[in-house]
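Working notes, structure below.
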Amino acid sequence: MPFPVTTQGSQQTQPPQKHYGITSPISLAAPKETDCILTQKLIETLKPFGVFEEEEELQRRILILGKLNNLVKEWIREISESKNLPQSVIENVGGKIFTFGSYRLGVHTKGADIDALCVAPRHVDRSDFFTSFYDKLKLQEEVKDLRAVEEAFVPVIKLCFDGIEIDILFARLALQTIPEDLDLRDDSLLKNLDIRCIRSLNGCRVTDEILHLVPNIDNFRLTLRAIKLWAKRHNIYSNILGFLGGVSWAMLVARTCQLYPNAIASTLVHKFFLVFSKCSQTLPPCLDFDESCNFSLQLSPQPGIHSTPGKACLGTGPGHCCLSECASAGLKA
């Protein structure tokens, strides 16, 4: 599959108009020819480690998610009919599968699982998800190893769909229908929601927020692939073991991209280590700052850790989980 080296096109000689992050960029320098050569070498270096998925496998994932999305829509229509909703509502009731994590960020590796979220309208209960939708999945020939973990901190259905492992969370929104163009970053969607639904939404919200807050998604993705591989090879990639996890590394890379908005991957990898070897040890790096969403919620299983499911900051916002990761790892940057 092709790996573009994005150099901002015409913006090489004209700085981008949009401002990213909570501070001004450190440098607006455009990439030089040597940077492009080094980035191509970086791509070739990464390939043997399996960090890129073949186009055929990627299309297979898209097909599987399409089938799963159709199953969700079909199931929600059936639930709507069983609850005697008007036909006009049933025809447009919607329902949708969203993805988050490494797959949504576009940095998943060969054979990686998919984190997914089933979003349903207000008349579909969580109990429906773990009963009738679970039973519907059980009837699918492609589905293996189906299991429900209803009592988890973030309840989930785990399965293997045609060879791809998928974790599906559930969130019920206070909407009569679920439109196709629904933006989960909309803070108003969180009002009056069950805490389990807010926790389930959090993964999608932080992933989408990160992608929204980087100057160039292609450069961000390639840089993040390199940094993730470095962290894994040095055995420091695991929030369970007290190190930074996937979302934390993504936020740090995103912050580097904001500080060097015109740089490409080879430069960004270098700047990543430069920035976080010299940064403050007391202030967490933030991608954005917004106090418009003011919910006091316990989103983390760590006692005493509260945060706002609003904007992306390492230690607050949708990336609340990074607080405990950084504290344990001694990497509050």
Side-chain angles (χ1 to χ4, degrees), residues 5-8 15-16 19-32 34-43 45-46 49 51 102 105 107 206 209-211 213-289 311-317 319-333:
V5 178
T6 309
T7 59
Q8 298 285 14
H19 178 76
Y20 292 88
I22 61 172
T23 64
S24 299
I26 293 175
S27 172
L28 292 173
K32 301 175 183 177
T34 53
D35 298 324
C36 297
I37 294 171
L38 287 172
T39 297
Q40 288 293 349
K41 287 184 177 180
L42 175 64
I43 293 170
T45 302
L46 292 175
F49 294 97
V51 300
S102 62
L105 287 173
V107 296
V206 68
E209 194 72 26
I210 290 172
L211 293 174
L213 293 171
V214 294
N216 185 294
I217 292 177
D218 288 333
N219 293 335
F220 162 74
R221 284 172 171 164
L222 183 54
T223 306
L224 181 55
R225 287 183 188 276
I227 296 300
K228 285 180 66 173
L229 178 62
W230 170 82
K232 289 176 180 178
R233 299 281 289 182
H234 285 77
N235 297 313
I236 56 171
Y237 185 99
S238 173
N239 62 331
I240 295 176
L241 297 178
F243 299 105
L244 299 183
V247 174
S248 298
W249 290 112
M251 286 186 174
L252 295 179
V253 170
R255 183 61 184 139
T256 307
C257 292
Q258 291 180 339
L259 295 172
Y260 300 90
N262 292 332
I264 56 177
S266 59
T267 302
L268 290 168
V269 170
H270 170 70
K271 297 300 185 184
F272 174 89
F273 292 104
L274 178 65
V275 168
F276 293 108
S277 66
K278 298 180 180 297
C279 65
S280 167
Q281 296 298 304
T282 57
L283 296 175
C286 292
L287 303 183
D288 193 19
F289 184 76
K311 302 300 179 184
C313 173
L314 196 58
T316 61
H320 65 91
C321 53
C322 304
L323 178 61
S324 55
E325 293 174 15
C326 292
S328 300
L331 269 170
K332 277 188 180 177

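The two residues G21 and Q258 come nearest to each other via the heavy atoms CA-OE1, 3.3 Å. Taking both residues in full, the closest heavy atoms of A263 and N219 are given as O-ND2, 3.4 Å, listed atom of the first, atom of the second, then distance. Taking all atoms of both residues into account, the shortest heavy-atom contact from V214 to L211 is CG2-O, 3.5 Å.
Rounding to the nearest 0.5 angstrom, the gap separating the CG atom in L38 from the NZ atom in K32 is 11.5 Å. To the nearest 0.5 Å, atoms CD1 (I227) and NZ (K232) are separated by 13.0 Å. If you take CG on L268 and CG on L259, they are separated by 10.0 Å, rounding to the nearest 0.5 Å. In this structure, the separation between CG on N262 and CG on D35 is 11.5 Å, given to the nearest 0.5 Å. Note that the CZ atom of F272 and the CG atom of L224 stand 9.0 Å from one another [nearest 0.5 Å]. Note that CZ of F220 and CG of L213 are 10.0 Å apart. Values are rounded to the nearest 0.5 Å.
Annotation: side chain of N216 is not in contact with side chain of P261 (no heavy-atom distance under 4.5 Å). Residues T267 and P31 form no side-chain contact, since every pair of their non-hydrogen atoms from C-beta on lies 4.5 Å or further apart. The shortest side-chain heavy-atom distance between D288 and E209 falls under the 4.5 Å cut-off. Between T256 and H270 there is no side-chain heavy-atom pair separated by less than 4.5 Å. Put simply, the side chain of C286 does not reach to within 4.5 Å of the side chain of R255, judged on heavy atoms.
By the side chain to side chain contact (heavy atoms under 4.5 Å, CB included) test, A226 pairs with L42, L46, V269, sequence neighbours left out. The side chain to side chain contact (heavy atoms under 4.5 Å, CB included) check on T45 picks up nothing, with sequence neighbours excluded. Taking the ring pair (Phe, Tyr, Trp, His ring centres under 6.0 Å) definition, one finds that F49 meets it with nothing, sequence neighbours left out.
Counted by atom type alone, R225 and S102 present zero donor-acceptor pairs between their side chains at under 3.5 Å.
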* To do: Apply side chain to side chain contact (heavy atoms under 4.5 Å, CB included) to I236 and L244, showing your working.
  => CA-CA 7 Å; I236 56 171; L244 299 183; over 6 Å; no
* **Stepwise side chain to side chain contact (heavy atoms under 4.5 Å, CB included) test for V253 and K228** => CA-CA 10 Å; V253 170; K228 285 180 66 173; over 6 Å; no
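Between W230 and F273, the distance from one ring center to the other falls under 6.0 angstrom.
In terms of modelled atom types and a separation under 3.5 Å, the side chain of T39 and the main chain of S266 share a donor-acceptor contact.
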